Colleague: 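Provided herewith is a single structure, encoded as structure tokens, for subsequent inquiry.
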2 protein chains.
Amino acid sequence: MGVQTDLREKLISDYAKLSPQMQKAARYILDHPSDVALRSMRALARAADVPPSTITRLMSAIGVETWQEFRDHYQNRLLDQPASYAQRARETQRTENDANRDEHLLESICRTEIDNISAAFSPELVSRLIEACEAIEDARQVFIVGRGAAYPAACQFAYAYRLFCDNGVLVDGHSGTFGDELRGIGRRDLLIAVGAKPYIRDTVRAVEFARSQHCLVIALTDSDVSPIAMDALCKLVVRDTSQSFFQSFTAALSVMQALVALLVARGGPKALQRIAAAEEQLAVFDTYLED
Amino acid sequence: MGVQTDLREKLISDYAKLSPQMQKAARYILDHPSDVALRSMRALARAADVPPSTITRLMSAIGVETWQEFRDHYQNRLLDQPASYAQRARETQRTENDANRDEHLLESICRTEIDNISAAFSPELVSRLIEACEAIEDARQVFIVGRGAAYPAACQFAYAYRLFCDNGVLVDGHSGTFGDELRGIGRRDLLIAVGAKPYIRDTVRAVEFARSQHCLVIALTDSDVSPIAMDALCKLVVRDTSQSFFQSFTAALSVMQALVALLVARGGPKALQRIAAAEEQLAVFDTYLED
DNA sequence: AGAATGTCGAAACAACTGTTTCAAAATTAT
DNA sequence: ATAATTTTGAAACAGTTGTTTCGACATTCT
């Protein structure tokens, strides 16, 4: 065969020279290559939020005669690339060098992560999540605490939550001593505490302090008998099983994100409106890069 | 519905009971499964030398409502995805209108998250992860930057990395102006940048600055043409598909954790030794709660 | 300022999609 | 052989496909 240029590479290299709309289309194609092979052009255009004509224009822009040609290329790629499981199995049978030891590790990490996530969305957890939502909606102030490896999950929730509610406080100790942010916590408030074994003193102390002030607690932790979950109104127990030395906080993060999604969904248009306002404010601060 | 019947098996078991023309069609399908996924029904009929109506009749004969359903099944098999989570997610969204709307939402979030994770551990990403590892091992200093919603993922990596390597620097702007930590960055160093659309200016600037100082970049982002991935040594592209308004950083976090696990595994006993030392040091500070 | 250029999306197009209908043909039972 | 039944493919269908066209809009240049 002649010069079989890889259209994907072409798309990347020409990307900068394309018009904004074409970039949008090109980007979607790069991010969803299998859609090109399996779906129709119009369906792809719809998914990429672009009129069909943009796709056609993109074709001629990258020197492809017709969509059919482009699609064929992607279909062949899909067929050439053997089913990944089969491929991996073959590689496994080769001599055990370091490279496929790494691959094995990653594969088993993947499985574990998926297990952790599906466990986190079990029916029981789902109903507890809804309870958690109701508690958050009723709270005056929502404090979020998570130290060490649990900090990212806490942080994630606090960031998203603050985009549509102004009563969220992340207890991270950045403003002086840790726990400073908890001053004034009381009966009508709520503390969301995140942490798994080994439990960090600060987190446990924060929970105990909150309880002493009659503040309700939602615990996102690794066990029903975790010190963080003591006397909690709502215990969100997730797995942190991991192949490596460290615990995995993937499930915890996922649950945090789900909690946010639930709150927004229940908040209705009012919540969306607040998010829009928050984004506008960020735009004023020139936070984002415009296209 | 819930029963994941393999249509191929069904075709074989029912083969004897089919009419001659249908057998002809069934036989072609069994011999050319990828044609089902990639070509149109009429094209398939033409190739099997059978009128289109025979295919339709075959569908109802094996208890399949529509050709679309049949084709979807084969497409998913081609993609090596046991089930089309994304599509089912769409279906659940349609039927939701009741009080169990929350449960439906959570269920579809779960599926999307699992999809994102499995995509993040595809063979291609796995080999890129190993490349990333090598780059990290060779680097003098490792800077990690991630703003906004990407901060937790960056934070996670930095925290874990610091437990067994002392050349990691989290660029978070806590110590004065953002980017201050980048001073002195150079040829032998490495920057790990995390971010998805909408891209935050600070992150892009950090990447550009690093590049200008001839520092290598590893990008953990949502597209090959993301501004963060420009000229990156290694592009770790993960999905951030989400049911809610916000992007999901679950896959990004998971990849970060996997990177740490890989580094530790490759580091051998020396790495474990350093972790032990770090833990001991934390114990001295009375960080953890003992049992 | 106005002209030239590039970009964009709605509409129109013929071709093709998956499906249904119906009468002819082939098979089976009587 | 004749009636009853099944099997078959052409034709018609409404909807969708990929592509082209054209006027509106925005941007750049003079």
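The sequence lines fix the lettering, A, B, ..., with proteins before strands; numbering per chain opens at 1. These numbers come from the heavy atoms of this one structure, side chains and all, not from hydrogens, waters or symmetry mates. These numbers were taken from a predicted model, which means no experiment stands behind them.
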Colleague: To the nearest angstrom, how far is B/Phe70 atom CZ from C/dT19 atom C1'?
Modeller: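 For the pair B/Phe70 CZ and C/dT19 C1', the rounded distance is 16 Å.
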Colleague: Can you check each nucleotide of nucleotides 9-15 of chain C against protein heavy atoms at under 4.0 Å and return B for base, S for sugar-phosphate only, - for none, in 5' to 3' order?
Modeller: BB-----
Colleague: Can you see which heavy atom on B/Trp67 is nearest to which on B/Ser40, and at what distance?
Modeller: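 Scanning both residues, the minimum pair turns out to be CZ2-C, 4.4 Å.
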Colleague: Quick one: CG on A/Leu7 to NE2 on A/His73, what's the gap to the nearest 0.5 Å?
Modeller: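 Rounded to the nearest 0.5 Å, the CG-NE2 separation comes to 4.0 Å.
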Colleague: Would you please confirm or rule out a distance under 4.0 Å between OP1 or OP2 of D/dT8 and any side-chain N or O of B/Ser19?
Modeller: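 For D/dT8, OP1 or OP2 has a side-chain N or O of B/Ser19 closer than 4.0 Å.
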Colleague: For a quick test of reading the model, state the closest non-hydrogen atom pair linking A/Leu44 to A/Ile55 and the distance between them.
Modeller: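 Where A/Leu44 meets A/Ile55 most closely, the heavy atoms are CD2-CD1, 3.9 Å.
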Colleague: Distance check needed: C/dT19 C1' versus B/Arg71 CZ, whole Å only.
Modeller: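 Whole-Å distance recorded here is 15 Å.
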Colleague: Looking at residues at least two apart in the chain, or sitting in another chain, which of them share a salt bridge (charged side-chain N to carboxylate O under 4.0 Å, His left out) with B/Asp231?
Modeller: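 Scan of B/Asp231 (salt bridge (charged side-chain N to carboxylate O under 4.0 Å, His left out), adjacent residues dropped) gives none.
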Colleague: So which of residues 60-69 of chain A are in contact with DNA chain C, with a heavy-atom cut-off of under 4.0 Å?
Modeller: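 Residues of residues 60-69 of chain A under 4.0 Å from DNA chain C: none.
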Colleague: Would you indicate whether the side-chain heavy atoms of B/Val237 and B/Arg128 approach each other to under 4.5 Å?
Modeller: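 When only atoms from C-beta onward are counted, B/Val237 and B/Arg128 do touch, with a gap below 4.5 Å.
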Colleague: Could you check whether B/Tyr28 and B/Asp35, counting side-chain N and O atoms only, form a donor-acceptor pair closer than 3.5 Å?
Modeller: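 The answer is yes; a qualifying pair exists.
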Colleague: What is the distance from CG of B/Asp49 to P of D/dT8, rounded to the nearest Å?
Modeller: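 Going from CG in B/Asp49 over to P in D/dT8 covers 13 Å.
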Colleague: Please report, rounded to the nearest Å, how far the P atom of D/dG18 is from the CG atom of A/Asp72.
Modeller: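 So the two atoms are 12 Å apart, to the nearest Å.
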Colleague: Could you state the atom-to-atom distance from CE of B/Met22 to P of D/dT8 in whole Å?
Modeller: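 Interatomic distance, CE of B/Met22 to P of D/dT8: 7 Å.
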Colleague: Starting from P on D/dT20, measure out to CD1 on A/Ile55 and report it in whole angstrom.
Modeller: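 That distance rounds to 14 Å.
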Colleague: In this structure, how many angstroms lie between the P atom of D/dT19 and the CE atom of A/Met41, rounded?
Modeller: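 To the nearest whole Å, that distance equals 7 Å.
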Colleague: Is it the case that the side chains of B/Glu113 and B/Thr250 hold a donor-acceptor pair, with the cut-off being a distance below 3.5 Å and no angle test?
Modeller: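 Yes, because at least one side-chain N or O of B/Thr250 sits under 3.5 Å from a partner of the opposite role on B/Glu113.
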Colleague: Show, in sequence, the C-alpha distance, side-chain angles and deciding distance for A/Asp6 and A/Arg77, and conclude whether the salt bridge (Lys or Arg N to Asp or Glu O under 4.0 Å) test is met.
Modeller: CA-CA 10 Å; A/Asp6 189 22; A/Arg77 268 186 80 98; 3.0 Å; yes
Colleague: Just the rounded figure in Å: distance from P of D/dT17 to CZ of B/Arg39.
Modeller: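 Nearest whole value for this atom pair: 19 Å.
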Colleague: Using a cut-off of strictly less than 4.0 Å, decide whether A/Arg46 has a side-chain nitrogen or oxygen near OP1 or OP2 of D/dT17.
Modeller: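 For D/dT17, OP1 or OP2 has a side-chain N or O of A/Arg46 closer than 4.0 Å.
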Colleague: Just by distance, with hydrogens left out, do B/Ser242 and A/Gln257 show a side-chain donor and acceptor under 3.5 Å apart?
Modeller: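 Their side chains do not contain a donor-acceptor pair, so the 3.5 Å distance test is not met.
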